[in-house]
Amino acid sequence: MITFEQDAEMRCRWAADRAREEGIATGIEQGIEQGIEQGIEQGIEQGEDRSSRLAALLAEAGRTDDIVRAASDRAFREALFAELGI
């Protein structure tokens with residue numbers, strides 16, 4: 001038989017363990033969400049940089065029609081990235 005004090009101590013430990021586990025789970029979830037958000041932001045920045053570089057190279061080469069077409073034609077844009085090594 002356990003005493004009232006022992007029972008209270010066991011309940012406190014159980015509650016503390018549960019709170020710690022919930023805190024860890026919440027921290028992991030928030031870390032994953034933050035990582036995804038940062039990854040999306042970095043991907044957007046890299047895509048913008050890549051497109052800007054493409055437009056600059058095409059402009060330097062006087063290929064303004066290709067700039068216009070690349071803005072609306074993904075396959076053409078990807079082909080230009082490959083052609084120009086971007």
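All values below come from the heavy atoms of this structure, side chains included, with hydrogens, waters and symmetry mates left out. Everything numeric in this text was worked out from a predicted model, so none of it was measured.
- Follow the hydrophobic side-chain contacts under 4.5 Å out from Phe76 and you reach Leu58 in the same cluster.
- Residues Gln6 and Met1 share a closest heavy-atom pair of OE1-O, 4.4 Å.
- Between Leu54 and Ala70, the closest heavy-atom pair is CD2-CB, 4.2 Å.
- Between Arg69 and Asp66 there is no salt bridge, since no side-chain nitrogen of the basic residue lies less than 4.0 Å from a carboxylate oxygen of the acidic one.
- For the side-chain contact (heavy atoms from CB on, under 4.5 Å) test with Ile44, the passing option among Gln46, Glu41, Glu48 is Glu48; the others fail.
- Considering only heavy atoms from C-beta on, Leu80 stays 4.5 Å or farther from Leu57 through its side chain.
- Rounding to the nearest 0.5 angstrom, the gap separating the CD atom in Glu5 from the CD atom in Glu9 is 10.0 Å.
- Proximity of Met10 to Ile2: side-chain heavy atoms (C-beta onward) are separated by under 4.5 Å at one or more points.
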Legend entry - Candidate pair Asp73 and Arg77, rule salt bridge (charged side-chain N to carboxylate O under 4.0 Å, His left out), full reasoning: CA-CA 6 Å; Asp73 185 336; Arg77 184 171 54 248; over 6 Å; no
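- More than 12 heavy atoms of other residues, nucleotides or ligands lie within 6.0 Å of CD in Glu22, so this atom counts as buried by the packing criterion.
- Using a 4.5 Å heavy-atom threshold, the side chains of Arg53 and Asp49 count as separate.
- Checked for salt-bridge contact, Asp7 and Arg11 meet the test: a charged N lies under 4.0 Å from a carboxylate O.
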